[in-house]
Amino acid sequence: MVAELERRYPPVWAEEWDRVGLVLGEPSAPVRRILCVVDVVPETVAEALAAGADLIVAHHPLLLRGVSSVAPTTYKGRIVHQLIRAGVALYVAHTNADTAAPGVSDALAARFGLTGLRPLHPAAPGSPAHGPGRGIGRIGELPRPMTLAELTRHAAAVLPATSWGVRAAGDPGRMVRTLAVSGGSGDAFLADASAAGVDAYLTADLRHHPAGEHLAAEGPALLDAAHWATERPWLDDLAALLRETPGVETLVSDLDTDPWTVHASAPAVDDKEPRP
């Protein structure tokens with residue numbers, strides 16, 4: 001199973017700072033049931049144990065930064081001990097899956113029916129990941145033009161539901177024909193979206209100042225969705241790949257692991273009570 005994952009998402013395609021590949025488990029151990037998740041958190045670990053999974057394939061690394069202890073008195077240590085005791089392996093495909101073609105952003109683009117896909121930020125020439133279609137994010141054409149307001153409502157409908165929902169920045173009446181998407185945190189690629197000349201860019205974790213400066217420079221309209229919601233679509237593609245292995249059952253976690261759990265919109269101006 002590890003060999004198949006590394007054939008589709010070679011670890012050398014990951015960013016230098018990333019930590020991907022086999023985290024826990026014996027490479028030769030038999031795998032009969034797999035759970036695909038975005039985040040390795042207590043809730044998805046409990047889901048894997050209840051399902052009798054032998055392997056968790058996650059998008060986000062559990063141990064991205066160095067640790068000096070995995071004692072069960074720590075949050076991540078408790079997860080490591082739980083998985084080892086239950087004999088559950090853990091494998092991570094992160095930025096190598098982002099760069100792959102098809103990869104994380106291809107699955108996101110498919111939710112919008114984008115056609116004519118090309119990378120938003122192509123893998124650099126000479127890098128291990130350089131090749132046809134590979135790179136971070138995707139750019140494509142919508143099936144039909146939409147206003148930014150309409151596209152925002154459409155995004156909320158086609159992406160997995162979260163309390164965060166989808167917010168947008170720009171003229172609500174702006175017509176959008178070309179859309180760039182990038183699963184996960186994508187404000188590092190605002191300049192790429194501007195250079196590509198797209199009408200709008202959808203990603204997650206957009207920050208106040210970079211977004212404001214981008215719009216002030218007449219960049220594309222922005223749509224900001226929940227991080228988890230932009231990466232969850234890839235799990236279906238991942239599961240389909242893993243199901244090609246005979247005798248392996250693959251499950252997909254739909255647990256919303258976005259940390260934001262409550263959303264309230266401000267009342268319309270006309271609905272606000274007059275100030276004394």
**OP:** Considering only NZ, NE, NH1 and NH2 on the basic side and carboxylate oxygens on the acidic side, decide whether R232 and D256 come within less than 4.0 Å.
**Re:** no
Subject >> Euclidean distance, R207 CZ relative to D187 CG, rounded to 0.5 Å >> reply: 4.0 Å
Subject >> Rounded distance [0.5 Å steps], CG in L235 versus CG in L251 >> reply: 11.5 Å
Subject >> Closest heavy-atom pair and its distance - L151, A200 >> reply: CD2-CB, 4.4 Å
Original post:
So, R177 and D199, do they make that salt bridge, N to O below 4.0 Å?
Top reply: no
Original post:
Can a donor-acceptor pair be found between the side chains of H154 and E150 at a distance below 3.5 Å?
Top reply: no
**OP:** State, to 0.1 Å, how close D18 and P61 come at their nearest heavy-atom pair, and which atoms those are.
**Re:** OD1-CG, 3.6 Å
Original post:
Do L159 and W228 come within less than 4.5 Å of each other through their side chains, counting heavy atoms only?
Top reply: no
**OP:** Would you confirm whether H130, through its side chain, and A123, through its main-chain N or O, come within 3.5 Å as a donor-acceptor pair?
**Re:** yes
Original post:
Between Y201 and G219, is there a donor-acceptor pair closer than 3.5 Å when you use the side chain of the first and the backbone of the second?
Top reply: no
**OP:** Grab the two heavy atoms, one from V31 and one from L55, that are nearest each other, plus how far apart they are.
**Re:** CG1-CB, 4.1 Å
Just distance, no hydrogens or angles: give the donor-acceptor pairs under 3.5 Å from side chains in residues 65-72, sequence neighbours left out.
residue, atom, partner, partner atom, Å
S69, OG, A71, N, 3.0

Subject >> salt bridge (charged side-chain N to carboxylate O under 4.0 Å, His left out): pairs with one or both residues in residues 21-50, sequence neighbours excluded >> reply: R33-E249
**OP:** Applying side chain to side chain contact (heavy atoms under 4.5 Å, CB included), run through T203 and F189 and close with a yes or a no.
**Re:** CA-CA 10 Å; T203 187; F189 308 107; over 6 Å; no
Original post:
When rounded to the nearest 0.5 angstrom, what is the spacing between CH2 in W17 and CZ in R19?
Top reply: 9.5 Å
**OP:** Kindly indicate, with the supporting measurements, whether the criterion side chain to side chain contact (heavy atoms under 4.5 Å, CB included) is fulfilled by I79 and L62.
**Re:** CA-CA 9 Å; I79 289 177; L62 174 64; 3.9 Å; yes
Subject >> side chain to side chain contact (heavy atoms under 4.5 Å, CB included) between I136 and L120, intermediate numbers included >> reply: CA-CA 6 Å; I136 301 296; L120 171 63; 5.8 Å; no
Subject >> Distance in Å, S265 OG paired with R167 CZ, rounded so as to fall on 0.5 Å steps >> reply: 11.5 Å
Original post:
Is there side-chain contact between L64 and V92, with at least one heavy-atom pair below 4.5 Å?
Top reply: no
Subject >> Donor-acceptor under 3.5 Å (D224 side chain, D205 main chain) >> reply: yes
Original post:
Hey, any chance V20 and L24 share a hydrophobic cluster, counting ILVMFWY side chains that come within less than 4.5 Å of each other, even indirectly?
Top reply: yes
Original post:
Are the side chain of H59 and the backbone of A93 linked by a donor-acceptor contact shorter than 3.5 Å?
Top reply: yes
Original post:
Would you say the side-chain atoms of T95 pair up with the backbone N or O of E15, donor to acceptor, closer than 3.5 Å?
Top reply: yes
**OP:** Run the numbers on V23 and V40 for side chain to side chain contact (heavy atoms under 4.5 Å, CB included), then give the verdict.
**Re:** CA-CA 12 Å; V23 180; V40 185; over 6 Å; no
**OP:** Decide whether D258 and T162 meet the rule of one side-chain donor and one side-chain acceptor closer than 3.5 Å.
**Re:** no
Subject >> Hphob cluster co-occupancy, V88 + V57, side-chain heavy atoms under 4.5 angstrom >> reply: no
Subject >> Spatial distance of atom CZ (R134) from atom CG (N96) [nearest 0.5 Å] >> reply: 11.5 Å
Original post:
What pairs meet the salt bridge (charged side-chain N to carboxylate O under 4.0 Å, His left out) rule with one or both residues in residues 73-89, with sequence neighbours excluded?
Top reply: none
**OP:** First locate atom CZ of R111, then atom CG of D106, and finally report the distance between them rounded to the nearest 0.5 Å.
**Re:** 13.5 Å
**OP:** Determine yes or no for a side-chain-to-main-chain donor-acceptor pair under 3.5 angstrom, with W13 supplying the side chain and P128 the backbone.
**Re:** yes
